[in-house]
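What follows is one structure encoded as C-alpha cells, with my remarks underneath.
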There are 2 protein chains.
Amino acid sequence: MDIKIVDVAKRAGVSPATVSRVLNDSNLVTEKTKRKVLAIIEEMEYHPHAAAKQLRSQRTMTIGVIVPDINVSYFSEIIKGIENMAYAKKYKLIICDSDNTLEKETEYLELLKNRTVDAMVLVMPFMNDEELYELADKGFLIGVVGRNISHDGIPTCKTDNVKFSHVAVNHLLEQGHRSIAYIGGYSDSAESYERLEGYMKALKDHQVPFQPSLIDNGDYQEMGGYNAMNRLMDSGTPFSAIYVANDEMALGVYRVCLERNVRIPEDMAVIGVDNNRISRYINPPLSTVNQPKYAMGALIAEKLIDLMTIKEFAEKKDWIIHSDLIVRESSNYQRNE
Amino acid sequence: MDIKIVDVAKRAGVSPATVSRVLNDSNLVTEKTKRKVLAIIEEMEYHPHAAAKQLRSQRTMTIGVIVPDINVSYFSEIIKGIENMAYAKKYKLIICDSDNTLEKETEYLELLKNRTVDAMVLVMPFMNDEELYELADKGFLIGVVGRNISHDGIPTCKTDNVKFSHVAVNHLLEQGHRSIAYIGGYSDSAESYERLEGYMKALKDHQVPFQPSLIDNGDYQEMGGYNAMNRLMDSGTPFSAIYVANDEMALGVYRVCLERNVRIPEDMAVIGVDNNRISRYINPPLSTVNQPKYAMGALIAEKLIDLMTIKEFAEKKDWIIHSDLIVRESSNYQRNE
DNA sequence: TTGAAAGCGCTAACAC
DNA sequence: GTGTTAGCGCTTTCAA
C-alpha cells in the first residue's frame, strides 16, 4: 500500500494539515515542525499523490503544447524553449504531436477541457480563428505561436513575416537576380500572405515587375517543396533565384535542382526560412532566415504562466520577435546580367 | 462554474453512476439510456474532470518518456513511435527532456512516483542499473530503450550493437581499409563496449591487428566527435577509415576533415550509427547503421501497456530489433593498397 | 501556529 | 439495468 499524508502526519505527531502546509511551503509552520516533518517525509519516501492534489486545488501545474510534428526541428526547438521556461517556473509539460492533422489537434484539446493541463500552447494550429476564439471565450487559456490571433484573451508570439521576407528577397535582388520565384506555405494562411507581401515590397523597391507565374505554394514539408519547384520549372517562366517559405521545402527544392542538374548557387540561388539545424549541413549550406524558435517558446510560456499567476494581461498581448537573415553559400554568388 | 457528472445526471433524469457507466462504455446500460445520456453530454459540453477520475480509479492512462534531448532526431523518432502506440491504445504521453543531465532525469522520475504517469519509458538513461532496479522493485513500471537491463521487471528494447558494428567495420575492411579508427560513446557504457566488440570481431575476421591508439571516445554529441577526431589525428597513428558510434559525432568528424583538408571518402571513409535524418543530407551523404527508432519506441510502449493490462510478462522481456547498414558515399570508395 | 472536518468530481461495491 | 453511497488523497476554511 502506498503511503499517504495521514501516515506521515501520524508518524510526525502532527495533523495532515500541517504536513500539507510543509509541502506547500506555507509560512504558518514553525521551522522546527517543518524540519521534523521534512525528515519524516524523506524517511518514509512520501510522494504526494498528484491527482488528489490537482482535484483539491483545481490546478495541475501543467501546460500542454500541440505541434504538428515533433520531428521537425522548428517545432522541437520551440518545445525546448517552452520546456525550459516551464521547468524554471515549476510547471510540467505535456507535448502533443498532431501528426499534421486537425483531427488529432482537436482531440488533444480535450486535455485542456478535462483540466489535465492549465493552459495549452498551440504552435501553428490548423484550427481556424473562430474555434480558437471560442475556446478563449469559454475561459480556456491558450497561447499561439507562429500565427496572428486577434482576440484579447489569446497571447501570441511570432516573427515579422513581411519584414524578414523583404530583407531576404532584397538580398537576392542585390546579388543581381531579377527573376525570383517564391514558394509559400499553405495558400490560405496569413503568414504565407505576409511573406508574399514582403517579397512584393522588395521587388517594388527595385522596380522589378511582379510575375504571378513565379509564385507557388507547398505544405511546409519537403515533398511539397519538391512538387512546387517542379511545377515552377515546368511552367516556362525562367528564374535564377527562389525564396522558399521554410527550410523543409527548400530541401525539396535542392532535390529538384540535383535531379535537373541545376547548380546552386551558380544557376539557382536559394533562401529558406527557419534556420533548421539541417540547413547548415546540406550542400551547399542554405541561406535562411533565423527564426528564434527557442526564444518564441520561452516567451509564450512565460506569458501564459504570468497570466495564470496574476490573472490579467500586461500592456501587450502579441509579441513580435526579430529574425535575422543568415547568408550562406546557397545565395552567395554575384550575378552580372 | 464547470459542469459535472451530477449535472448531467439530473438533466438526463438518471443517476451519476449511470452517466459514469455510459462514459466508460459499460455494457450494463440500455442502448436507449446510453443514447439519451450521450445527447445530454454533448448538449451540455460536459468533459469529465481528469484528476477526479484519476484519483478514484488510481490510473492516469498516461505514460511518460524521458529523453536526453528532444532535438536529436534519434530521440524524437523514438518518441514518435511511443506516441503513436500510446495514442492507438488511448494513452496520453508526457515527454520529458532531461537536457543530458542525470539531475533532471531524476527529477522527472517524480512523475512516476507521484502517480502522474502509470509507466515511464527511459531512453538511454544516465541513471545506473542499481537505481533502475530499485525503481522496479518498488513497483514502479519502467521500460528502457537503448540499454540492457538485467531485471525481470524491466522490459527493454535495443539493437544488436555487436552485430551491426561487426557488419559496419566489415564493410570498411572489404573496401580495402586496414587502419580503421573507432570513436565510441560514453567510455563506461555497455553499448560502447559492445560496439567495440563488433569492431574487434571484424578485425579478427580479416586478420587485421588491433591498434589501441585508434580508439577514442566521445559523448554522442557533435562536439565530442570533433574533439575525439582531432585527438586521433594528432596521435600519430595513421588511419584511412573511421567507425563512429553515432551520426551526431560523425558530424564532428566531418568538420575536422573539412578543416584539415581530408577528403571524404577518398582520404577518409566514415560510417556512423543511427541514420539520423541529417545523415542523408550532409556532404558526402553518410553511410550509417539504420536504427529502427520508430519501431523501438512503438514496441516498448506496446509492451508496457500490455504489462499494465494483463499484469504479467510474456515469454520475453528484452527485445532486439534488427539494424541495417546503409551504404552511402562516405564509405563508398574502393581502395587498392 | 496547529488541528478538525468538509469536500474537490468521480467510480465501484452493493442494494434494489 | 439502475441508484445510493462511500471514499480515492489532498487542501483549506474555520475554530482553537
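Note that the coordinates shown come from a computational prediction; the quantities given were computed from them, not determined experimentally. Naming: A, B, ... by sequence-line order, numbering from 1 per chain.
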**Prompt:** Looking at A/Lys92 and B/Glu110, does any basic side-chain N land under 4.0 Å from a carboxylate oxygen?
**Reply:** no
**Asked** Starting at CZ of A/Arg59 and ending at C1' of D/dC10, how long is that distance when rounded to a whole Å?
**Response** 15 Å
**Prompt:** In terms of side-chain geometry, is the basic nitrogen of A/Asp274 or A/Lys293 positioned less than 4.0 Å from the acidic oxygen of its partner?
**Reply:** no
**Request:** Would you list the pairs meeting side chain to side chain donor-acceptor pair (under 3.5 Å) in which at least one residue belongs to residues 113-123 of chain B, sequence neighbours left out?
**Result:** A/Asp2-B/Arg115, B/Thr60-B/Asp118, B/Asn114-B/Thr116
**Message:** Could you tell me how far apart B/Asp2 (CG) and C/dG9 (P) are, to the nearest whole angstrom?
**Reply:** 8 Å
**Request:** Scan residues 10-32 of chain B against DNA chain D and write down, sorted by residue number, each residue with any heavy atom closer than 4.0 Å; if none is found, say none.
**Result:** B/Gly13, B/Val14, B/Ser15, B/Ala17, B/Thr18, B/Arg21, B/Leu28, B/Val29, B/Thr30
**Item:** Euclidean distance, atom NZ of residue A/Lys4 to atom P of D/dG9 [Å, nearest integer]
**Value:** 4 Å
**Message:** Expressed as a whole number of angstroms, how long is the span from B/Met61:CE to C/dC10:P?
**Reply:** 17 Å
**Prompt:** Which residues in residues 35-55 of chain A have at least one heavy atom lying under 4.0 Å from any atom of DNA chain D?
**Reply:** A/Tyr46, A/Pro48, A/His49, A/Ala52, A/Lys53
**Message:** For B/Ile94 versus B/Leu111, what's the shortest heavy-atom pair and its separation?
**Reply:** CG2-CD1, 4.0 Å
**Message:** Closer than 4.0 angstrom, basic N to acidic O: yes or no for B/Asp152 and B/Lys317?
**Reply:** no
**Fill in**
Smallest heavy-atom separation, B/Ile5 atom then B/Ser20 atom, equals CD1-N, 3.8 Å
**Prompt:** To the nearest angstrom, how far is A/Lys34 atom NZ from C/dT2 atom P?
**Reply:** 11 Å
**Message:** Check this for me, if you would: do B/Arg147 and B/Asp129 make a salt bridge, where the nitrogen-to-carboxylate-oxygen distance has to be below 4.0 angstrom?
**Reply:** yes
**Prompt:** Can you tell me how far P of C/dA13 sits from CD of B/Gln58, to the nearest Å?
**Reply:** 13 Å
**Message:** One thing to verify: whether A/Lys158 and A/Asp318 come together as a salt bridge, which I'm taking to mean a side-chain N less than 4.0 angstrom from a carboxylate O.
**Reply:** no
